[in-house]
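Notes for the one structure printed next.
Convention: sequence-line order gives letters A, B, ...; per-chain numbering from 1.
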There are 2 protein chains.
Amino acid sequence: MAVTLKEVAELAGVSRSAVSRTFTDGASVSARTREKVEKAAKTLGYRPSLIARSLATNRTKLIGLVANNFQNPAFLDVFDLFTSELQKRELRPLLVNLSGETSPRKIVELLRQYSVDGVIVATSTLPTSFATAFQTAGIPVIHTFGKFQANANVHVVGIDNEYCGAMAAQTFAERGYKTVALLGGPESATSTQDRSTGFVQTAKKLGLDVAKISYAENYTYQAGRDAMREVLDDRRVEAVFCGDDLICMGAMDAARAAGQSIPEDIGFLGFNDIGMASWDSYSLTTIRQPIRDIIMSSVELVVGMVENPGRSPEIRLFPCSVIDRGSLRPVTDP
Amino acid sequence: MAVTLKEVAELAGVSRSAVSRTFTDGASVSARTREKVEKAAKTLGYRPSLIARSLATNRTKLIGLVANNFQNPAFLDVFDLFTSELQKRELRPLLVNLSGETSPRKIVELLRQYSVDGVIVATSTLPTSFATAFQTAGIPVIHTFGKFQANANVHVVGIDNEYCGAMAAQTFAERGYKTVALLGGPESATSTQDRSTGFVQTAKKLGLDVAKISYAENYTYQAGRDAMREVLDDRRVEAVFCGDDLICMGAMDAARAAGQSIPEDIGFLGFNDIGMASWDSYSLTTIRQPIRDIIMSSVELVVGMVENPGRSPEIRLFPCSVIDRGSLRPVTDP
DNA sequence: AATTTTTTTGCAACCGGTTGCAAAATTCTC
DNA sequence: GAGAATTTTGCAACCGGTTGCAAAAAAATT
């Protein structure tokens, strides 16, 4: 069915090598041969088979993109950006849906079988060991949105979740909130743990009372709504820091359903700044992470890794910022 | 780096063919040989290279998944379902982000170079010719969410958009609306065109007055909000049929911002039934398409195509249903 | 035990490219 | 225009598997 090197070579009256060389950049071919070959290739509609090339060069131009949060709208941007950035560099994303799977073994095997050039693990919930497993198997890997550790043994691109938690406490303090609550994402997620730590520590330091800590079961509206009930039990709570915008919106609706108004009776601070955060019905004040920067950087890094696998592990952190909308009361004058 | 057939063969004391055969199901190997090979493979950590296998068998187990709507939450489900269904069958999705691109040429070349076994074009906006281009290039293709035509020349799995438009008109009539409007998705999308046709025709038939027809520029909240302004100019409009839930939510907020209440002053009917449709703030009555069924069927079909490329083009349509929530007034008693 | 039938095995060619090497062709120098 | 230096070219081996075919081994039949 497909046209091969050989056929082109015959039509052009040259050797197979010559054809191969015209399609390999940096190879030595005279202008005349190149012309003949290109003409023949065009008339036959020839394209080199990347599979065959991969076998010979040991490069597939495939990048494994493994993710486990297909429910959250925040990941729409992630997919969009990753795919288009990779495409720009002539790389192809091989998408792996982790779903419940949390052990790296099978996934590593799988991507090894496809000889992917590199892997991007895009999740804020899994421990570093997940990404490390690829490294151990000799596959260049980046953990995007991952937890960073001082003694890094794997590339991480993302944010400082602990610091973001601190930012949240700071934000509450600036607006004069005294009694606050934390409504995190799933407790097993590393990002949840880090944000909690930062939040609680700094709250204490600033003299805030963290009256309630609770966790949503997953990153959904419904989980947020459910988890909020617990928080509502404590009528003293003036503001809630949520581990995710979607969870936050569920929580807001739970509060409203209980007759509270936002931000007069209770304030909300979200996380991620998804598109919906700016909708009229929520107008959510939230902490934005610079997703675009994170992803651009991840792609650059994975390309760098492929070219130079020896690179030592690097941590790249980007600053987050509070996007002020209407779900918290304004900063109190000093 | 990687362990090869040859090394396993040597360790096991058999020929390379024997090793190959133990890893190919349906091949003839004696129990004793298999055992020796498996042991050797385990100690070496051998996995057959799918790239090399592909070259020999002409099967890659890669399925191109091409999509162009990475903004819409409706696609989260789509990605989730496609990836997990494909994974179940040991197939890998190679994701292609069409973004603005609307010509199939480059994409066909690209997927041809990767020798994908099949392609799923998942979009409701592109004309049939897009999918046909793959067919012409000899690549099995399914157009999921595509426009179907009586003289089908390509597999289509999805819904009857024209009929859905008619359902919408019917739904309005049942509830006693007289003067209605259509706020479609982008005008160039085939699904928009079909739904409009069905809606307008049936509205006329049922004696409804379609006072206004307008189109959002893309499938976003903001576009819906903007497009709704036009509709609001005509104060007679009692209900609006939107081409997409996200657009609809934007439109609802525009109406509310203009002081109208839903459903008392104006009713809304959405399309897709995305997760947010059931949120308190919208409680959107909408037409649901059975995404799960559509995708399961698409995957089955693409597998069928790979096994038997000669299959003649098939149309598979699934029924939609109205999910009744709170954005339309109730059915009037007869 | 000899013969026939069936199963298992290894050989060798092939899938469609790349690439080191040496020969051939071209270009440069004087 | 001869010789040296450089560029281009084709040969052949290789990447890591699969598979048709015939020989070898095992099982079944007499």
Subject >> OP1 or OP2 of D/dT18 under 4.0 Å from side-chain N/O of B/Thr57 >> reply: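 For D/dT18, neither OP1 nor OP2 has a side-chain N or O of B/Thr57 closer than 4.0 Å.
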Subject >> Side-chain N,O (B/Ser15) to OP1/OP2 (C/dT9) below 4.0 Å >> reply: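 No.
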Under 4.0 Å, heavy atoms only, any strand: does [X] hit a base, just the sugar-phosphate, or nothing?
X: B/Ser54; answer: nothing
X: B/Val19; answer: nothing
X: B/Ser20; answer: base
X: B/Ser30; answer: sugar-phosphate
X: B/Ser17; answer: base

Take atom [atom1] of [X] and atom [atom2] of [N], then tell me their distance rounded to the nearest Å.
X: A/Glu10; N: D/dG10; atom1: CD; atom2: P; value: 13 Å
X: A/Lys6; N: D/dG10; atom1: NZ; atom2: C1'; value: 16 Å
X: B/Arg59; N: C/dC14; atom1: CZ; atom2: P; value: 22 Å
X: A/Arg53; N: D/dG17; atom1: CZ; atom2: P; value: 21 Å
X: B/Leu55; N: C/dA13; atom1: CG; atom2: C1'; value: 13 Å
X: A/Asn58; N: D/dG16; atom1: CG; atom2: P; value: 7 Å
X: A/Leu5; N: C/dC14; atom1: CG; atom2: C1'; value: 15 Å
X: A/Glu7; N: C/dC15; atom1: CD; atom2: P; value: 10 Å

Salt bridge check: are [X] and [Y] linked by an N-O gap of less than 4.0 Å?
X: A/Lys88; Y: A/Glu85; value: yes
X: B/Asp117; Y: B/Lys61; value: no
X: B/Glu38; Y: B/Arg34; value: yes

Original post:
To the nearest 0.5 Å, how far apart are CZ in A/Arg16 and OG1 in A/Thr4?
Top reply: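 So the gap between those two atoms works out to 8.0 Å.
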Original post:
Can you tell me how far CG of A/Leu126 sits from CD of A/Glu101, rounded to the nearest 0.5 angstrom?
Top reply: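 Interatomic distance, A/Glu101 CD to A/Leu126 CG, rounded to 0.5 Å: 10.0 Å.
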Nearest to the side chain of [X], heavy atoms from C-beta on, is which of [options]?
X: B/Thr4; options: C/dT18, C/dT9, D/dG16; result: D/dG16
X: A/Arg16; options: D/dG20, D/dA13, D/dA26; result: D/dA13
X: B/Pro48; options: C/dG17, D/dG17, C/dT26; result: D/dG17

**OP:** Mark yes or no for a side-chain to base donor-acceptor pair under 3.5 Å between B/Arg21 and D/dG17, with no hydrogen or angle criteria applied.
**Re:**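 When only heavy-atom distances are counted, B/Arg21 does not reach the base of D/dG17 through any donor-acceptor pair under 3.5 Å.
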Original post:
Closer to the 5' end of DNA chain D via nearest nucleotide, is it B/Thr24 or A/Arg34?
Top reply: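 The residue whose closest nucleotide sits nearer the 5' end is A/Arg34.
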Original post:
If each of B/Thr33 and B/Ala52 is mapped to the nucleotide of DNA chain C with the nearest heavy atom, which maps nearer the 5' terminus, i.e. the 5' end?
Top reply: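 Whichever sits nearer the 5' end wins; that is B/Thr33.
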Original post:
Any luck finding a side-chain donor-acceptor pair between A/Gln71 and B/Asp80 under 3.5 Å?
Top reply: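 Yes - a donor-acceptor pair under 3.5 Å links their side chains.
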